[in-house]
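For reference, the structure is listed below as structure tokens.
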2 protein chains.
Amino acid sequence: MPKVGMEPLRRKALVDAALRVIGDHGSLSVTMSEIARQAGVSPALAHHYFGSKDQLLIETIRFLLRRLRDDTVTALRAADTPRARLSALIRVNFQADQFAPATIAAWLAFYAEAQRSEETRRFLVIYARRLRSNLLADLKPLCPTDAAERIAEGAAAMIDGLYIRQSLRSAPISIEASISLTEDYINSALAALAKGQTP
Amino acid sequence: MPKVGMEPLRRKALVDAALRVIGDHGSLSVTMSEIARQAGVSPALAHHYFGSKDQLLIETIRFLLRRLRDDTVTALRAADTPRARLSALIRVNFQADQFAPATIAAWLAFYAEAQRSEETRRFLVIYARRLRSNLLADLKPLCPTDAAERIAEGAAAMIDGLYIRQSLRSAPISIEASISLTEDYINSALAALAKGQTP
DNA sequence: TTTTATTGATTGATCAGTCAATCAATAATA
DNA sequence: TATTATTGATTGACTGATCAATCAATAAAA
């Protein structure tokens, strides 16, 4: 055989390259040639391993999702109270690598793509649900379930919104400011509840 | 066929068609032919009036922006206290036509496009700034300026986030629920302030 | 006649995807 | 050890399709 065992290396290199190209091109309208060139291989090889451009893009979004999930798991492990886990959850979503312009551009591009590709949409729905349910799990110990559901929904929306707004790079908010805005939302929502419960 | 004075009619028909095609295609990767067909004219005519596909797309986003601004002006006129104007502002952003799937898809597509096209980006920045500053103007009478700025930022993000999440059509939130989530955020943020100020 | 509206036909560029052919590492064989 | 068969890795060249953009020609109004 030839240099056996190239496949996993090439796949990784191609996904990385795809992410980079999408990132600084700011769109999924990138060519296989460009991706392949960035990965240092021929366009034909990219097709050999992924079958189609769509498939390579799907793998790329899976990668983004997996990275976020892994970061989340790690962050949650380090926190031990519900409130601390909420903070960890927020922080993860604004972590440096998630906030990198290229990453933001890629997420955005995939959001747009989700309107066309059912498979892409499924992945993003998974992300959206996961964020919401992670928040929910740690809000439930802190307030009634129905309130927890609303706050989880609101916090998830705020996180996504801050993230998207970042993509415009107008009046860019710092990571810390984004985090504290979300923290404040949860704090005051919980405080308003507590006040309402003991009138 | 050629009656004089067709230009404005054709331009409008083409922009409408572009919006529709972008909407149900869920992407800016639409062809001039498709848009022209929807508008009932030849592709060549679309080029005749707009010069290029990019230009037609630019006009399309201007149209979206203008519609939102007009709706905003109308809504603000009908409200007379700062708090009422805040509610009006929120409501406008979740109005039925803004919430239509095709409209959401188009906004999303333009967000992605903004990563590539400086002109598109400028338009979206205008939108983002306008939302923020409208909110700010009516928050200022209700709380200290620095707090108003934070709340405006947070509310704008929540609105955008709810909007984006709607595009995934998973666990779709009703218009009313989206509105009340944003209202609650403002209410509890203001309440937390009031409480903090008179301890 | 001059101007405006409109189109069919065409061009040139871009790409995804295919394919036949080559390269090189290994394992089996002699 | 030397030879050979096998096969994953890799590519250059090509194809077919798609599109934006152009243009020359025509039809109707002014």
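Chain A is the first sequence line, chain B the second, and so forth, proteins listed ahead of strands; every chain is numbered from 1. The model shown is predicted, which means the values in this text are computed figures rather than measured ones.
Between A/Glu34 and A/Arg37 there is a salt bridge, since a side-chain N of the basic residue sits under 4.0 Å from a carboxylate O of the acidic one. At a threshold of 4.0 Å, the pair B/Arg121-B/Glu118 counts as salt-bridged, since one of the basic side-chain nitrogens sits closer than that to a carboxylate oxygen. The pair A/Arg150-A/Asp146 does not meet the salt-bridge criterion, since no charged nitrogen lies less than 4.0 angstrom from a carboxylate oxygen.
Side-chain atoms of B/Met32 lie closest to D/dA20 of the nucleotides C/dT6, D/dA20, C/dA16. Checking C/dT6, C/dC19, D/dA9 against the side-chain heavy atoms of B/His48 singles out C/dT6 as nearest.
Residues B/Leu9 and B/Leu19 share a hydrophobic cluster, clusters being chains of Ile/Leu/Val/Met/Phe/Trp/Tyr side chains in contact below 4.5 Å.
B/Ser27 and A/Gln115 are not linked by any side-chain donor-acceptor pair at a separation below 3.5 angstrom, with hydrogens and angles left out of the test.
For C/dT6, one of the phosphate oxygens OP1 or OP2 lies less than 4.0 angstrom from a side-chain nitrogen or oxygen of B/Arg10.
If you check every strand for non-hydrogen atoms under 4.0 Å, B/Thr31 touches sugar and phosphate atoms only. Within the nucleic acid shown, B/Tyr49 comes within 4.0 Å of sugar-phosphate atoms alone, with no base atom in reach, counting heavy atoms only.
Comparing A/Ser52 and B/Val41 by the nucleotide of DNA chain C whose heavy atom lies nearest to each, the residue mapping closer to the 5' end is B/Val41.
In this structure, B/Leu28 atom CG and D/dC19 atom P are separated by 14 Å, rounded to whole Å. Taking atom CG on A/Leu45 and atom P on D/dA9, their separation rounds to 9 Å, with Å as the unit. For the pair B/Gln55 CD and D/dT22 P, the computed distance is 13 Å after rounding to whole Å. Across the protein-nucleic acid pair, A/Arg11 atom CZ and D/dA9 atom P stand 11 Å apart, rounded to whole Å. In this structure, A/Leu56 atom CG and C/dG17 atom C1' are separated by 14 Å, rounded to whole Å. For A/Lys53 and C/dG17, the NZ to P distance is 8 Å, given to the nearest whole Å. Atom pair A/Asp54:CG and C/dC15:C1' shows a separation of 13 Å (rounding to whole Å applied). Straight-line distance from the NE2 atom of B/His47 to the P atom of C/dT4: 21 Å, rounded to whole Å.
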